[in-house]
Amino acid sequence: MLNNGYDTWVRDFEAERERRAAIGDPRWERGAALDPALVRSLQRFQVGEDGDGSALIGKADRAGDPVYARAVRLFVAEEQNHARMLALLLAAGGAGTLAGHWSDAVFVRLRRLLGLRVELLVLMVAEAVALRYYRAVRDGAPDPLVAEVAGRILADEERHVPFHCRRLREALAPLPAPARRAATLAWQGLLAGAGAVVAVDHGPALRHLGVRRRGFTADVLRSSGPLARAMAAAPAATPAADPGAPVGSAPVGSAPVDSAPADSTPATRAAPARSAGV
């Protein structure tokens with residue numbers, strides 16, 4: 001790797017874990033009024049959030065940076081917490097979870113095809129779609145418990161995207177610039193397809209949330225440009241210029257998707273992420 005410095009991200013993940021423990025869970029006893037279409041949609045996303053992350057953790061271990069591997073384990077723990085919260089939200093609305101779904105099986109199969117670089121590129125497709133989806137749920141759900149849970153998950157996803165962008169910048173850096181561009185163009189194509197599939201598959205839920213399928217897909221596509229540029233940019237040559245985390249002024253997803261920056265540090269991101277309805 002060109003740069004180490006993932007201790008910044010480890011501290012960020014650990015601080016967030018402590019903050020979650022301090023504020024506790026949402027008040028599940030309030031119950032939730034869930035539209036049937038939203039139930040089906042949340043069940044599918046819950047399946048996607050669930051999993052032990054063993055393949056990603058194993059690849060991170062083999063990458064040879066124990067601090068990065070520690071950060072990956074903390075990231076996986078946050079994803080597992082999302083699955084837990086979604087399951088409890090569904091239970092609060094009188095619904096259960098699914099044993100599996102074809103869309104999750106496809107993503108898992110794609111992620112495990114090759115090494116860490118491909119795993120992260122496919123994972124970033126899911127993260128980019130999740131940013132738009134959870135923002136739609138947070139802003140459009142009439143039930144306050146649903147909006148709160150979506151807001152908490154969205155705040156985490158806004159932290160995850162720059163974390164993965166940083167690693168992908170390093171992973172793509174050895175490639176010539178045209179090859180990096182080709183890789184990110186292929187990623188954007190995969191993201192476009194995934195966004196369209198989610199828009200169709202979750203169309204009734206999006207309609208319930210006040211989001212058109214075409215608008216959802218367009219928002220996902222608009223987000224792909226800044227993210228692709230963040231992944232393809234050459235990493236800084238000196239530690240002074242790159243102190244150990246992605247650089248920027250605001251989190252992805254904290255503003256409308258078509259104008260959100262693609263990079264941030266845990267420090268500059270902390271205040272806006274934690275005020276996003278959490």
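Bear in mind that the values here come from a model prediction, so they are computed numbers and not experimental data.
Between R17 and L74, the closest heavy-atom pair is NH1-CD2, 3.6 Å. A60 and L116 get closest at one heavy-atom pair: N-CD1, 4.4 Å. The two residues R213 and A199 make their nearest non-hydrogen contact at CG-O, 3.2 Å. Of all heavy-atom pairs between L209 and A141, the closest is CD2-N, 3.6 Å. Contact between E16 and D156 at its shortest, heavy atoms only, is OE2-OD1, 3.8 Å. Of all heavy-atom pairs between L34 and L38, the closest is CD2-CD2, 4.4 Å.
No salt bridge links E148 with R27; every basic N to acidic carboxylate O contact stays at or beyond 4.0 Å. With respect to the salt-bridge test (charged N to carboxylate O, under 4.0 angstrom), the residues D25 and R84 qualify. Contact check on R11 versus E14 returns no salt bridge, with no Lys/Arg side-chain nitrogen under 4.0 Å from an Asp/Glu carboxylate oxygen.
With T184 contributing its side chain and R180 its backbone, the two residues share a donor-acceptor pair below 3.5 Å. Although no hydrogens or angles enter the test, the distance criterion places no donor-acceptor pair under 3.5 Å between the side chain of S224 and the main chain of V220.
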Apply side chain to side chain contact (heavy atoms under 4.5 Å, CB included) to Y133 and V211, showing your working. CA-CA 10 Å; Y133 176 78; V211 178; over 6 Å; no
Evaluate the side chain to side chain contact (heavy atoms under 4.5 Å, CB included) criterion for residues H202 and V129: first the C-alpha distance (whole Å), next the side-chain angles of each, then the deciding distance (0.1 Å), finally the verdict. CA-CA 12 Å; H202 296 257; V129 171; over 6 Å; no
Yes or no on side chain to side chain donor-acceptor pair (under 3.5 Å) for Y6 and R166, after CA distance, side-chain angles and deciding distance? CA-CA 10 Å; Y6 284 98; R166 175 341 187 353; 3.3 Å; yes
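The CG atom of D65 sits 6.0 Å away from the CZ atom of R167 when rounded to the nearest 0.5 Å. Remark: Q46 CD to L90 CG distance equals 7.0 Å, nearest 0.5 Å. How far CD of E157 is from CD of E49: 5.5 Å, rounded to the nearest 0.5 Å. Taken from OH in Y134 to NE2 in H82, the straight-line distance is 7.5 Å, to the nearest 0.5 Å.
Among residues two or more places apart in sequence or in another chain, the side-chain contact (heavy atoms from CB on, under 4.5 Å) test is passed with P36 by R40. Taking E18 as the reference, nothing meets the salt bridge (charged side-chain N to carboxylate O under 4.0 Å, His left out) condition, with sequence neighbours excluded.
Taking the side chain as every heavy atom from C-beta outward, F75 and I57 never approach each other to under 4.5 Å. Using a 4.5 Å cut-off on side-chain heavy atoms (C-beta onward), V10 and Y68 make no contact.
Heavy-atom neighbours of R212 CZ from other residues, nucleotides or ligands within 6.0 Å: at or below the threshold of 12.
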